[in-house]
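A short write-up of the structure that comes next.
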Amino acid sequence: MESKNLCQPHFIFIPLMAPGHILPMVDMAKLLSRRNVKVTIVTTPLNSIPFQDTIDREIQNGSPIQIQLFQFPNDEAGIPKGCESVDTLPSRDLMPNFPIALDMLHKPLEELCEKLEPFPSCIICDKHIPCVAEIANKLKVPRIIFDGTSCFHLLCAHNLHASKVHEGVSSEEKFIIPGLPHRIELQKSQLPGLFNPNSNQNVNAFREKIRACEENSYGIVVNSFEELELEYVKEFQRVTGRRVWCVGPVSLSNKGILDKAQRGKRENNTNDENHYMKWLDSWPISSVIYVCLGSLSNATPEQLIEIGLGLEATKRPFIWVIRGAYKRDEIETWLVEYGFEDRVKGRGLLIKGWAPQVLILSHKSIGTFLTHCGWNSTLEGICAGVPLVTYPLFAEQFFNEKVVVQVLESGVSLGAENGVHLGEEEKSRVQVKRENVRDAIEKVMGEGEEQERIREVARKWAHMAKKAIEEGGSSYNNMSQLIEDIIHIE
Ligand SMILES: *[C@@H]1O[C@H](CO)[C@@H](O)[C@H](O)[C@H]1NC(C)=O
Ligand SMILES: *[C@@H]1O[C@H](CO)[C@@H](O)[C@H](O)[C@H]1NC(C)=O
Ligand SMILES: *[C@H]1O[C@H](CO)[C@@H](O)[C@H](O)[C@H]1NC(C)=O
């Protein structure tokens, strides 16, 4: 054990280049640096822009945190210049080039890490960048995985891999995930692509590599808190023997208005958040529906139209964030031809592009959040204390829906039956009808005992989340433990 580590541990954060992955890692890095631990976030120039300001504010407040940049291997990986993240790829056909680019990070990352001062005590890395394993081994630095999902999902994935129950069933057949505290039923078409071997062998090989690197890491940090899913945290630790630190919900690190407003913002010229806040001010408490299907949303135009018609049918005020790149122009055309914005004039606010989600959700007039159940959005909704209406699309989102609806009992499902894998949107049918949208929203916003109960439960979780991250809370303590563990590592 070198004594220099004892004085000043230095944590290196290496996030995956995708907004849903970068944001929680930046939040986690901020939390850690506020504990007076030196932190360096390593990323590429374009990916650093959205969080540069928040890190500058952190530094002004005395946190020992910095950003170090390396060049994205655009030319080598055949990805156009100006594009350094999954969500900005000009075409889905370029998706397979992304893992290639990630493999090429080996050299620039290793060179950068070697030169850092003080020498790194620990690398916390997104699990999708497996080349970091070799770097950490070579530098003899403990490597901790950031997975970006919940312990619930981690345990489900582990039990599926171990039992292979999903292999014997057909695509739309339901089966129970073994070894869980709750009876969780899914169908194979809802599982992440990971559980359906890909036609592309490179993709399969890459996934295998990720799994192997996960297994031999020093441990795993999770954006969750123990109270939220205690049985799942314990069981995951038990079956895998891994160290797990639950240090979330990390989005609660954004306390100031500026941090909330700018979180994940890419442009620096708009000031729309004032407009949104004023608009929200004009509505009664808990009356507005907030709808956002994520930054990589791949819902088809037919599906988005049903959502829009469902929102219209609720007769309630709403904010609808439309982002997804998939056939975006078709939905734009529909909006115009149907006259959607006129029909919902005064009570429907469309945000076409990025939205200050944490800021919006923190407004007291928000009454529910219709979400795609990406884990960071799910947690942000939980922290906002509003019931969720769930519409999972792909990746581990169907697991997150189960967390909300069955484990926390703070949400209602829209009833989507099949996942829509990225790149396979063509094949997908409409999953959710306008009536489903209207009815589900009534179940969380309408009058009645059930409705009151679900709102009460949602408030309870938000309260627990805030306590977890405060001094003395479980996530605060887990972060202390993480620091201790790294300082005292043999
Ligand atoms: C964004 O604008 C603010 C104030 O106008 C400025 O201080 C800051 O440097 C800008 N940030 C970026 C990343 O351009
Ligand atoms: C995380 O915090 C909880 C509650 O304070 C504690 O029981 C648990 O042991 C901690 N986990 C680690 C890895 O420190
Ligand atoms: C959370 O991640 C999703 C993508 O999964 C992204 O759309 C969203 O913007 C993130 N949250 C915030 C507050 O930026």
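Counting starts at 1 for both ligands and their atoms, in listed order.
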(message) Could you tell me, atom by atom, which parts of ligand 2 come under 4.0 Å of a heavy atom of Ser474?
(response) 2 (O), 4 (C), 5 (O)
(request) For residues Ser63 and Lys30, determine if any side-chain heavy atom of one lies less than 4.5 Å from a side-chain heavy atom of the other. (result) no
(message) Give the atom numbers and elements of ligand 2 that come within less than 4.0 Å of a heavy atom of Asn478.
(response) 1 (C), 2 (O), 3 (C), 8 (C), 10 (C), 11 (N), 12 (C), 14 (O)
(request) Please check if a non-hydrogen protein atom sits closer than 4.0 Å to atom 9 (O) of ligand 2. (result) no
(message) I need the atoms of ligand 2 closer than 4.0 Å to a non-hydrogen atom of Asn477, numbered in the order shown.
(response) 5 (O)
(request) Examine distances only and state if a side-chain atom of Arg323 and a backbone atom of Leu293 form a donor-acceptor pair shorter than 3.5 Å. (result) no
(message) Does the Lys NZ or Arg CZ of Arg242 fall within the cation-pi geometry relative to Phe236 - under 6.0 Å from the ring centre and within 45° of the axis?
(response) no
(message) If we set the cut-off at 4.0 Å for heavy atoms, which region of Glu226 has an atom near ligand 2: side chain, backbone, both, or neither?
(response) side chain
(request) Check whether any side-chain N or O of Glu227 sits under 3.5 Å from a backbone N or O of Ala465 as a donor-acceptor pair, and report yes or no. (result) no
(request) Check each of His182, His153, Gln237, Glu226 against Tyr232 using the side-chain hydrogen bond (donor to acceptor under 3.5 Å, both in side chains) test, and report the only one that passes. (result) His182
(message) With a 4.0 Å cut-off on heavy atoms, is Val244 in contact with ligand 2?
(response) yes
(message) Do Arg207 and Phe195 form a cation-pi contact, if we require the NZ or CZ to be under 6.0 Å from the six-membered ring centre and within 45 degrees of the ring's axis?
(response) no
(message) Give me the residue, atom name and distance of the protein heavy atom closest to atom 14 (O) of ligand 2.
(response) Gln481 CG, 2.9 Å
